[in-house]
Protein chains: 2
Amino acid sequence: MESISQTEENYLKAIYKIAERAEKPASTNAIAAAMSTSAASVTDMIKRLSEKDLVNYERYRGVTMTKTGQKIATTLIRKHRLWEVFLVEKLDFSWDEVHDIAEQLEHIQSRELITRLDEYLKFPRFDPHGDPIPDEDGVFTFRKQVLLAEMEEAEEGVIVGVHDHTSDFLQYLDRMKLTLGTEIKLVERYAYDDSIKMLLGDSKEIVISKKVSQHLFVQKK
Amino acid sequence: MESISQTEENYLKAIYKIAERAEKPASTNAIAAAMSTSAASVTDMIKRLSEKDLVNYERYRGVTMTKTGQKIATTLIRKHRLWEVFLVEKLDFSWDEVHDIAEQLEHIQSRELITRLDEYLKFPRFDPHGDPIPDEDGVFTFRKQVLLAEMEEAEEGVIVGVHDHTSDFLQYLDRMKLTLGTEIKLVERYAYDDSIKMLLGDSKEIVISKKVSQHLFVQKK
DNA sequence: AAGTATTTTTAGGTTAATCTAAAAATTTAT
DNA sequence: ATAAATTTTTAGATTAACCTAAAAATACTT
């Protein structure tokens with residue numbers, strides 16, 4: 001069994017997120033940006049990962065992931081999100097504080113640990129930000145969701161996720177009581193700036209900006 | 001704030017354990033043995049730690065710890081032992097399975113995490129092996145305890161700790177029902193091989209070898 | 001106190017992961 | 001389609017953490 005460093009793991013996760021999202025090879029520059037490093041370092045690392053058959057690499061052509069690489073990446077995402085649930089549910093952290101700690105915890109090596117943690121948390125399917133937690137085989141639960149910005153007037157739904165994980169945004173949502181699980185109804189959209197007036201629960205009315213509406217996922221009723 | 005690597009942390013912990021136990025400088029060879037590495041590598045590392053004022057070093061004289069180094073070492077021990085409690089109490093691991101995982105978890109960097117974990121676990125003072133958990137200032141709870149081997153016939157006490165952390169020993173104790181908290185009474189010591197007959201609780205009688213008796217800590221009644 | 005054994009350090013080298021600067025390949029624009 | 005701009009790779013260095021082998025210092029023995 002080949003050993004794999006924490007740095008290599010982080011590259012794999014970054015490549016997975018880029019390549020999977022775009023459904024095409026991840027470019028050297030995109031990886032460099034994601035890892036806050038130089039393109040030269042990325043080329044170096046890609047060669048090493050390719051040696052180990054964790055990615056497919058053709059020079060100047062970008063990188064895709066092998067089955068093995070994908071497995072490692074989804075396991076990392078699984079571990080990260082399970083730990084986030086633990087931190088929020090058990091240790092009472094708020095959703096804007098857990099990312100950096102989970103970023104470290106995801107590298108702890110122990111199959112058994114994750115199995116037991118999952119069980120202890122009662123097999124959660126989504127993390128505190130509403131992102132799906134892949135199962136042991138790397139399969140994500142799919143949920144039919146839209147951006148609040150894409151909804152029509154009078155439509156109703158439940159807030160189920162965020163598309164911006166910065167603490168600024170998350171803290172804003174807390175202050176506005178726009179937490180996950182909140183039922184909403186779109187009252188009116190103002191064409192001038194695409195801001196939206198909506199009903200929270202069945203009493204409170206608030207207005208949010210276009211930007212906010214583009215960062216909230218809603219499951220329609 | 002100087003950054004400190006995981007490797008450096010492990011050296012500090014090893015040096016702390018050696019120097020503290022012996023109450024004199026840790027020798028290069030002793031550190032090399034503890035870290036399963038060469039004496040040359042230890043000399044290298046010691047110089048680096050000394051540069052950062054984490055240890056006091058005089059060549060050919062061995063190493064002692066500075067206040068800063070001690071703080072780091074006791075914090076590591078605190079984190080290790082708190083995580084062990086978590087693994088056993090919450091995730092239902094047995095006491096012989098937790099060491100390697102805690103060895104990784106102790107390097108997670110977050111003050112807040114440890115504060116909250118401690119609270120979540122209800123501020124335990126001892127880990128699953130009976131070892132004391134230092135407080136935030138690095139102070140260990142002291143407990144008056146003796147080795148079972150040092151007890152006299154007819155004396156009574158409670159098993160409170162182990163002096164051998166190998167899984168072989170811990171599993172043996174499980175099988176013999178010699179777990180922490182068990183009340184015992186020394187019935188007879190056989191001079192021939194220093195094996196001991198003792199009473200477990202108030203019904204079961206068992207005989208243990210000298211070796212076992214030298215690895216069990218007892219708090220006398 | 002001299003000689004032997006042990007411990008510790010130095011010297012010199014390796015590997016992973018990084019960097020900057022320059023060269024090469026590819027893409028975009030005229 | 002050629003030039004200009006961009007992206008990617010190579011070249012060459014650096015640093016942390018390790019190694020082996022040889023030299024130096026200290027400790028043990030008689």
Side-chain angles (χ1 to χ4, degrees), chain A residues 1-15 18-19 21-22 24-65 69 72-73 76 103-104 106-107 109, chain B residues 1-15 18-19 21-22 24-65 69 72-73 76 103-104 106-107 109:
Chain A
M1 195 97 7
E2 282 264 32
S3 109
I4 172 164
S5 75
Q6 221 159 288
T7 312
E8 288 171 325
E9 286 192 340
N10 286 334
Y11 269 96
L12 286 177
K13 205 174 55 150
I15 296 166
I18 295 165
R21 192 155 308 168
K24 53 172 185 166
S27 75
T28 304
N29 258 3
I31 300 168
M35 300 292 298
S36 315
T37 188
S38 70
S41 301
V42 172
T43 303
D44 260 20
M45 178 58 85
I46 282 169
K47 284 181 188 161
R48 223 164 316 117
L49 295 175
S50 174
E51 278 305 304
K52 296 190 182 181
D53 275 310
L54 300 173
V55 300
N56 307 114
Y57 169 54
E58 271 184 278
R59 61 204 206 308
Y60 290 102
R61 282 276 133 72
V63 198
T64 58
M65 311 211 60
I72 294 171
L76 281 168
E103 204 71 15
Q104 299 177 63
E106 72 188 11
H107 297 291
Q109 303 285 0
Chain B
M1 195 91 20
E2 281 266 32
S3 110
I4 173 163
S5 76
Q6 221 157 290
T7 312
E8 288 171 324
E9 286 193 338
N10 286 334
Y11 270 94
L12 286 177
K13 205 173 57 152
I15 296 166
I18 296 164
R21 193 155 305 168
K24 53 172 186 167
S27 76
T28 303
N29 258 2
I31 300 168
M35 298 293 296
S36 314
T37 188
S38 71
S41 300
V42 173
T43 304
D44 259 21
M45 179 56 86
I46 281 170
K47 284 181 189 162
R48 222 164 316 120
L49 294 175
S50 174
E51 277 305 306
K52 296 190 182 183
D53 275 310
L54 300 173
V55 300
N56 307 114
Y57 170 53
E58 270 183 277
R59 60 203 212 307
Y60 290 102
R61 282 273 137 71
V63 198
T64 58
M65 310 210 63
I72 294 172
L76 280 167
E103 205 70 15
Q104 299 177 63
E106 73 188 8
H107 296 291
Q109 303 286 357

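Within every chain, numbering begins at 1; the chains are lettered A, B, ... in the order of the sequence lines, protein sequences first and strands thereafter.
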Can you tell me the distance, in whole Å, between the [atom1] atom of [X] and the [atom2] atom of [N]?
X	N	atom1	atom2	value
E51(B)	dA16(D)	CD	C1'	14 Å
L49(B)	dA16(D)	CG	C1'	12 Å
I46(A)	dT7(D)	CD1	P	15 Å
N29(B)	dA25(D)	CG	C1'	14 Å
M35(B)	dC19(D)	CE	P	10 Å
K52(B)	dT15(D)	NZ	C1'	12 Å
D44(B)	dA16(D)	CG	P	11 Å

> So which heavy atom on M35(A) is nearest to which on A14(A), and how close?
Replying inline: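 Heavy-atom minimum between the residues: SD-CB, 3.7 Å.
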>> Looking at dC19(D), I'd like to know if its phosphate oxygens (OP1 or OP2) sit under 4.0 Å from a side-chain N or O belonging to T37(B).
In response: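 Yes, T37(B) has a side-chain N/O under 4.0 Å of OP1/OP2 on dC19(D).
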> Any side-chain N or O of S41(B) under 4.0 Å from OP1/OP2 of dC19(D)?
Replying inline: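 So the side-chain polar atoms of S41(B) do come within 4.0 Å of the phosphate oxygens OP1 or OP2 of dC19(D), strictly under.
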Quick one: does [X]'s side chain get under 4.5 Å of [Y]'s, heavy atoms only?
X	Y	value
Q104(A)	H107(B)	no
Y57(B)	T43(B)	yes
L49(A)	I15(A)	yes
I31(B)	I46(B)	yes

> Is K13(A) salt-bridged to E103(A), cutoff N-O under 4.0 Å?
Replying inline: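 Yes, this pair counts.
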Touch class at under 4.0 angstrom, heavy-atom based, for [X] against every strand present:
X	value
S38(B)	base
T28(B)	sugar-phosphate
T7(B)	sugar-phosphate

> Nearest nucleotide by nearest heavy atom, which residue falls closer to the 5' end of DNA chain C, E8(A) or Y60(A)?
Replying inline: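 Result: E8(A).
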> So where does chain B start and stop touching DNA chain C, 5' to 3', when the test is distance under 4.0 Å to a non-hydrogen atom?
Replying inline: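 So the outermost contacting nucleotides come out as dT7(C) to dT10(C).
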> Can you find a side-chain donor-acceptor pair between E9(A) and Q109(A) that sits under 3.5 Å?
Replying inline: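 Per modelled atom types, E9(A) and Q109(A) side chains form a pair under 3.5 Å.
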